[in-house]
Amino acid sequence: MTSIHETFLAALSAYAHDERARFNAKLVPTIAPERFVGVSMSNLRKTVRNLQKDYSDQVFLAALPHPVVEADLVHMMLLNEITDADIWAQKMEEFLPYVDNWMVADAVNPRVVYERPESVRAYAYRWLESGDYYSVRVGIVILLLAAQKGFFVDEDMSRIIHLSSDFFRVGTQRDGNYYVTMACAWYLATVFEKEPLHIRSFLEGPNERIVLKKYTLRKILESRKTSNEDRIWLKELRLRMKTRNH
């Protein structure tokens with residue numbers, strides 16, 4: 001363990017809670033429970049600010065692999081603040097081999113996705129093709145963030161729904177493909193809020209990607225933003241899909 005990790009863990013100990021660690025471990029069943037310290041995001045940010053008084057961000061970013069999930073979250077938080085798209089992408093590609101769970105993947109929220117969406121989109125497309133569950137999920141989340149900010153393009157959706165069919169099979173929360181499928185459904189539900197005709201066309205289309213369509217229906221129905229009219233249509237579609245696949 002490096003000295004920066006020893007300093008970091010010592011600083012975290014003041015905020016660590018066993019109950020939170022156990023709770024987070026249940027949320028992320030794909031990794032060992034002992035990798036959680038049990039620290040809230042607000043206290044992680046506080047710890048980072050204190051560390052930055054004595055260490056540069058580069059020291060922490062170079063100290064891979066990290067011993068605990070909270071350190072991985074901090075790593076992603078630091079990457080999110082990088083303002084140069086190419087440097088951000090380089091640092092992301094150094095980090096992605098160590099991203100082994102949905103919690104860290106979903107912490108991606110780079111400033112550059114809003115400032116240089118086209119550059120970031122190209123990197124997201126590359127990660128979609130990586131074949132690694134959590135690198136793919138990072139790419140999906142980046143495109144989701146772009147869609148939320150009004151940077152949706154048709155190709156984003158096309159690339160997501162045409163990911164390898166190996167991702168779109170029934171899985172459990174211990175299976176990597178589950179986290180890709182759920183991220184795709186989350187993305188499609190987000191796009192439905194702004195571009196509903198695109199999603200209607202996909203959902204009502206050929207009898208394929210059934211698992212993804214079912215998760216997407218569920219995500220849209222779970223949203224408080226979904227209108228009563230759309231809920232009626234979605235439930236009717238869900239019933240038709242059940243009938244068609246029996």
What is the distance from atom CE of M92 to atom CZ of R126, rounded to the nearest 0.5 Å? 11.5 Å
Within 45 degrees of the ring normal and closer than 6.0 Å to the centroid, is that where the cationic atom of K213 sits relative to F202? yes
Got a second to check how far I142's CD1 is from R137's CZ, nearest 0.5 Å? 12.5 Å
Measuring from T30:OG1 to D175:CG, what's the distance to the nearest 0.5 Å? 10.0 Å
Show your working on side chain to side chain contact (heavy atoms under 4.5 Å, CB included) between I140 and L163 and close with a plain yes or no. CA-CA 11 Å; I140 296 166; L163 285 171; 4.2 Å; yes
So, W102 side chain and L27 main chain: donor-acceptor pair closer than 3.5 Å or not? yes
Grouping I, L, V, M, F, W and Y whenever their side-chain heavy atoms are under 4.5 Å apart, do L144 and F151 come out in a common cluster? no
Say whether, by atom type as modelled, one donor and one acceptor occur between the side chain of R231 and the main chain of L221 under 3.5 angstrom. yes
F36 versus V28: any side-chain heavy-atom pair under 4.5 Å? yes
Minimum-distance pair of heavy atoms, taken over all atoms of Y114 and P117: O-CD, 4.0 Å
Basic-acidic side-chain contact under 4.0 Å: D84, K91: no
Is it true that D100 and R35 make a salt bridge, defined as a side-chain N closer than 4.0 Å to a carboxylate O? yes
Dump the intermediate steps for side chain to side chain contact (heavy atoms under 4.5 Å, CB included) on I161 and L188, then the final yes or no. CA-CA 9 Å; I161 64 176; L188 294 170; 4.0 Å; yes
Find out whether V141 and W186 are in side-chain contact, i.e. whether some heavy atom of one side chain is under 4.5 Å from a heavy atom of the other. yes
Note, V120 side chain near E115 side chain (heavy atom, < 4.5 Å): no
All heavy atoms of S135 vs all of L96, minimum pair found to be OG-CB, 3.7 Å
Before you tell me yes or no, could you show the steps for L44 and L12 under side chain to side chain contact (heavy atoms under 4.5 Å, CB included), namely the whole-Å CA-CA distance, both residues' side-chain angles and the distance that decides it to 0.1 Å? CA-CA 8 Å; L44 278 180; L12 285 188; 3.6 Å; yes
Shortest non-hydrogen separation from K219 to A189 and the atoms involved: CB-CB, 3.7 Å
Flag for E204-W233: side-chain donor and acceptor within less than 3.5 Å: yes
Apply side-chain hydrogen bond (donor to acceptor under 3.5 Å, both in side chains) to residues D106 and Y134 and explain how you reach the verdict. CA-CA 9 Å; D106 289 9; Y134 298 105; over 6 Å; no
Which word best sums up how the rings of H75 and F95 line up, parallel for under 30°, tilted for 30 to 60°, or perpendicular for over 60°? parallel
Nearest 0.5 Å, please: how far is CD1 in I160 from CZ in R209? 12.0 Å
Close side-chain approach of L9 and V68, heavy atoms under 4.5 Å: yes
Under a 4.5 Å cut-off applied to non-hydrogen side-chain atoms, are M157 and L143 in contact? no
What closest approach, in Å, do V136 and S130 show between heavy atoms, and which atom pair accounts for it? CG2-OG, 3.8 Å
Ring centroid separation F192 to H198 under 6.0 Å: no
Between R22 and P33, is any pair of side-chain heavy atoms under 4.5 Å apart? no
Please check if the distance between the ring centroids of H66 and F60 is under 6.0 Å. yes
Mind listing the closest non-hydrogen atom pair of L145 and P110 along with its distance? CD1-CD, 4.2 Å
Crowded around E19 CD? As in, over 12 foreign heavy atoms under 6.0 Å? no
Between the main-chain N or O of A16 and the side-chain N or O of N43, is there a donor-acceptor pair closer than 3.5 Å? no
Gap between atom CZ of R20 and atom CD of E70 - 0.5 Å precision: 9.5 Å
Mind checking the CD1-CG spacing from I4 to D54? Nearest 0.5 Å is all I need. 8.5 Å
Using atom types as modelled and distance alone, determine if a side-chain donor or acceptor of T83 lies under 3.5 Å from a backbone N or O of R111. no
Might you point out which heavy atoms bring A85 and R116 nearest each other, and give the distance in Å? CB-NH1, 3.5 Å
Just so I know, are the side chains of N80 and M76 near enough to count as touching, which here means a heavy-atom distance under 4.5 Å? yes
For E155, does its backbone N or O pair with a side-chain atom of S158 as donor and acceptor, under 3.5 Å? no
Test side chain to side chain contact (heavy atoms under 4.5 Å, CB included) on I220 and L203; report intermediate values, then the result. CA-CA 12 Å; I220 297 173; L203 292 175; 4.3 Å; yes
Decide yes or no for V104 and V69: does some side-chain heavy atom of the first lie under 4.5 Å from some side-chain heavy atom of the second? yes
Quick one about T47 and N50 (side-chain donor to acceptor, distance below 3.5 Å, no hydrogens or angles considered), yes or no? no
Hey, are N101 and Y133 close enough side-chain-wise for a donor-acceptor pair under 3.5 Å? no
Pair D156, Y125: side-chain N/O donor-acceptor within cut-off below 3.5 Å: yes
Go through the steps for Y55 and T7 under the test side-chain hydrogen bond (donor to acceptor under 3.5 Å, both in side chains), then give the verdict. CA-CA 10 Å; Y55 294 91; T7 303; 3.1 Å; yes
